[in-house]
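The structure under discussion appears below in the form of structure tokens.
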Amino acid sequence: MESASELVPFPLLLTPIESNYRACTIPYRFSSDNPRKPTPIELQWIDVFYNVIPSFKERAASDPTVPDAEAKAEKFAQRYAQILDDLKKDPESHGGPPDCILLCRLREQVLRELGFRDIFKRVKDEENAKAITLFADVIRLNDAIEDDSKRLENLVRGIFAGNIFDLGSAQLAEVFSRDGMSFLASCQNLVPRPWVIDDLDTFKLKWSKKSWKKAVIFVDNSGADIILGILPFARELLRRGTQVVLAANDLPSINDVTYNELIEILSKLKDDHGQLMGVDTSNLLVANSGNDLPVIDLIRVSQELSYLAADADLVVLEGMGRGIETNLYAQFKCDSLKIGMVKHLEVAEFLGGRLYDCVFKYNEVSS
């Protein structure tokens with residue numbers, strides 16, 4: 001199941017990487033904390049992962065590709081809950097102390113050991129099909145905005161609206177299973193600006209004066225997120241002459257889009273001339289990031305991505321897992337953008353914002 005080739009550090013991380021980079025935004029513990037005793041933050045986050053067990057169990061139980069799915073889903077719920085209980089008693093068990101990467105990895109391990117490969121496959125396929133039918137309308141609405149700055153803001157709002165489709169959040173999983181998510185309503189219902197981190201005005205100014213030669217975008221969820229949020233933004237960059245690399249997961253995790261799924265989505269959206277609604281896509285590349293989690297440690301990316309990203313001058317990390325929970329403070333040798341919606345109360349509290357607040361963090365590297 002793992003990537004065939006060895007994983008390497010992302011080439012645009014500020015060096016020395018050891019002293020400049022850690023793939024966890026919220027510190028769960030400090031060196032002064034007792035290693036044998038869980039910290040209040042660790043306990044809080046263990047509970048966050050505890051709370052999504054029922055929705056994962058439900059998805060797993062209805063996985064048509066796994067024999068005895070119901071019994072195995074029950075086993076998953078028990079095993080993962082036991083691991084979380086162990087971590088509450090002894091933070092150093094199971095390869096701890098825990099952080100968001102370890103808690104995600106342990107959950108994936110339990111699922112995979114029981115034979116579950118992609119428990120969200122059905123819902124991803126449904127959401128992708130739905131979003132594909134809306135793509136042309138979303139593009140037309142954006143293209144109709146003549147003012148560059150207003151069009152950019154509309155594209156950014158689209159990224160936030162799409163990013164709501166996240167079944168790793170217990171509350172959103174519940175809302176979603178009850179009445180689905182409407183993309184256009186989500187665009188209109190974003191929390192008002194200023195957002196908890198809001199560099200949009202600075203970015204708009206740069207957008208009007210500067211164009212990047214190559215952008216690497218770490219993408220997040222299937223459905224509206226990738227198709228109605230990220231792809232219109234990527235298309236706009238292509239229009240402006242930027243080469244775009246979309247970096248997607250190697251293996252399935254929650255409802256994140258995988259490399260293979262993204263290639264399939266693009267083949268459905270492109271016309272016979274290989275264009276995305278009139279924009280040439282010869283400068284659009286899809287890369288396998290080598291990642292298998294809903295969060296990302298940039299010390300471990302595929303060699304393919306490392307090669308493609310080496311000369312990029314803009315890095316975009318999208319989504320709560322990649323852009324906020326693991327890489328909000330990541331420093332790069334080039335311009336960077338972290339963009340995502342805050343979908344856990346614990347993250348909102350840490351940032352001093354509201355639930356469903358937005359993060360738009362732009363860092364420019366002086367050339």
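By convention here, the first residue in the shown sequence is residue 1. Computed from a prediction, not measured in an experiment: that's the story for all the values here. What you see below is based on every heavy atom in this structure, not just the backbone, and it leaves out hydrogens, waters and symmetry mates.
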ask   = Under 4.0 Å between a Lys/Arg side-chain N and an Asp/Glu carboxylate O for Arg193 and Asp198?
value = yes
message = Against Met277, only a single residue in Val138, Ile139, Asp271 fulfils side-chain contact (heavy atoms from CB on, under 4.5 Å); can you say which?
response = Ile139
inquiry  = Check whether Glu304 reaches the backbone of Asn288 with its side chain - one donor and one acceptor, N or O, closer than 3.5 Å.
reply    = yes
Residues Glu318 and Arg322 bridged, charged N to O under 4.0 Å = no
task = Would you mind checking if Lys210 and Glu364 are paired as a salt bridge, meaning a charged N to carboxylate O distance below 4.0 Å?
result = yes
query = Ignoring hydrogens and geometry, is there a side-chain-to-backbone donor-acceptor pair from Asp357 to Trp195 under 3.5 Å?
reply = no
ask   = Donor-acceptor pair, Glu42 side chain versus Thr39 backbone, under 3.5 Å?
value = yes
key: Any donor-acceptor N/O pair, Glu261 side chain to Thr258 backbone, under 3.5 Å   = yes
ask   = Taking the six-membered ring for Trp, is the centroid-to-centroid distance between Phe332 and Tyr21 below 6.0 Å?
value = no
inquiry  = Can you tell me if Lys333 has over 12 outside heavy atoms packed within less than 6.0 Å of its NZ?
reply    = yes
Single-linkage hydrophobic cluster, 4.5 Å side-chain cutoff, Leu84 and Ile101 together = no
ask   = Just by distance, with hydrogens left out, do Thr281 and Gln275 show a side-chain donor and acceptor under 3.5 Å apart?
value = no
ask   = Do the rings of Phe203 and Trp207 sit parallel, tilted or perpendicular, given the 30° and 60° boundaries?
value = tilted
query = If we only count heavy atoms from C-beta on, is the Val216 to Leu305 side-chain gap below 4.5 Å?
reply = yes
ask   = Is the side chain of Arg22 donor-acceptor paired with the backbone N or O of Asn327 at a distance under 3.5 Å, no angle test?
value = no
task = Answer yes or no: is there a donor N or O on one side and an acceptor on the other, between the side chain of Asp33 and the main chain of Arg29, under 3.5 Å?
result = no
remark   = Closest non-hydrogen contact found for Cys334 with Val315 is SG-CG2, 3.7 Å
task = Identify whether the distance between the nearest side-chain nitrogen and carboxylate oxygen of Glu236 and Arg239 falls below 4.0 Å.
result = yes
query = Under 3.5 Å, is there a donor-acceptor pair linking the side chains of Ser282 and Asp280?
reply = yes
key: Side-chain heavy-atom pair Ile254, Arg107 within 4.5 angstrom cut-off   = yes
task = Say whether Asn163 and Asp220, considering side chains only, have a donor N or O and an acceptor N or O under 3.5 Å apart.
result = yes
ask   = What pairs with Leu134 under side-chain contact (heavy atoms from CB on, under 4.5 Å), at least two apart in sequence or on another chain?
value = Leu228
query = Are Ile217 and Ile230 close enough that some pair of their side-chain heavy atoms sits under 4.5 Å apart?
reply = yes
request  = Please examine the side chains of Val244 and Leu285, heavy atoms only from C-beta on, and report whether any two atoms are closer than 4.5 Å.
outcome  = no
task = With the side chain counted from C-beta on, respond yes when His344 and Val48 share a heavy-atom pair under 4.5 Å apart, and no when they do not.
result = yes
remark   = Joining Ile, Leu, Val, Met, Phe, Trp and Tyr whenever any side-chain heavy atoms lie under 4.5 Å apart, the cluster holding Leu205 also takes in none
inquiry  = For a 4.5 angstrom cut-off between non-hydrogen side-chain atoms, does Tyr28 reach Pro91?
reply    = no
query = Quick one: does Asp68's side chain have a donor or acceptor within less than 3.5 Å of a partner on Ala71's backbone?
reply = no
key: Distance in Å, Asp147 CG paired with Lys204 NZ, rounded so as to fall on 0.5 Å steps   = 8.0 Å
ask   = Looking at Arg122 and Asp63, does any basic side-chain N land under 4.0 Å from a carboxylate oxygen?
value = no
query = Is any side-chain N of the basic residue among Arg112 and Asp118 closer than 4.0 Å to the acidic one's carboxylate O?
reply = no
ask   = Should the heavy atoms of other residues, nucleotides or ligands under 6.0 Å from NZ of Lys75 be counted, would the total exceed 12?
value = no
request  = Step through the shown structure and confirm whether more than 12 heavy atoms of other residues, nucleotides or ligands are within 6.0 Å of NZ on Lys37.
outcome  = no
query = Looking at Tyr50, is Lys88 sitting on its ring face, NZ or CZ under 6.0 Å from the six-membered ring centre and within 45 degrees of the normal?
reply = yes
message = Donor-acceptor check, side chain of Ser289 to backbone of Ala248, threshold 3.5 angstrom: yes or no?
response = yes
request  = Determine whether Ile226 and Ile265 make a side-chain contact, defined as any pair of heavy atoms from C-beta on separated by less than 4.5 Å.
outcome  = yes
Glu127 bridged to Lys130 by N-O distance under 4.0 Å = yes
request  = Kindly check if the number of other-residue, nucleotide or ligand heavy atoms within 6.0 Å of CD (Gln109) is above 12?
outcome  = yes
ask   = Would you call Val257 and Lys124 a side-chain contact if the rule is heavy atoms closer than 4.5 Å?
value = no
note = Residue set satisfying side-chain hydrogen bond (donor to acceptor under 3.5 Å, both in side chains) with Glu92, at least two apart, ordered chain then number -> Arg36
query = Looking at Asp335, Asp311, Asp313, which hits salt bridge (charged side-chain N to carboxylate O under 4.0 Å, His left out) with Lys214?
reply = Asp311
inquiry  = Are Phe120 and Phe56 an aromatic pair, judged by ring center distance below 6.0 Å?
reply    = yes
message = Whether the Asp86 and Gln82 side chains hold a donor-acceptor pair (N or O, under 3.5 Å, no angle test) is what I'd like checked.
response = yes
remark   = Nearest heavy-atom approach of Ile17 to Leu13 is CG1-CB, 4.1 Å
query = Under 3.5 Å, side chain of Thr326 to main-chain N/O of Asp297, donor-acceptor pair present?
reply = no
message = Looking at Lys338 and Leu328, would you say the former's side chain and the latter's main chain have a donor-acceptor pair under 3.5 Å?
response = yes
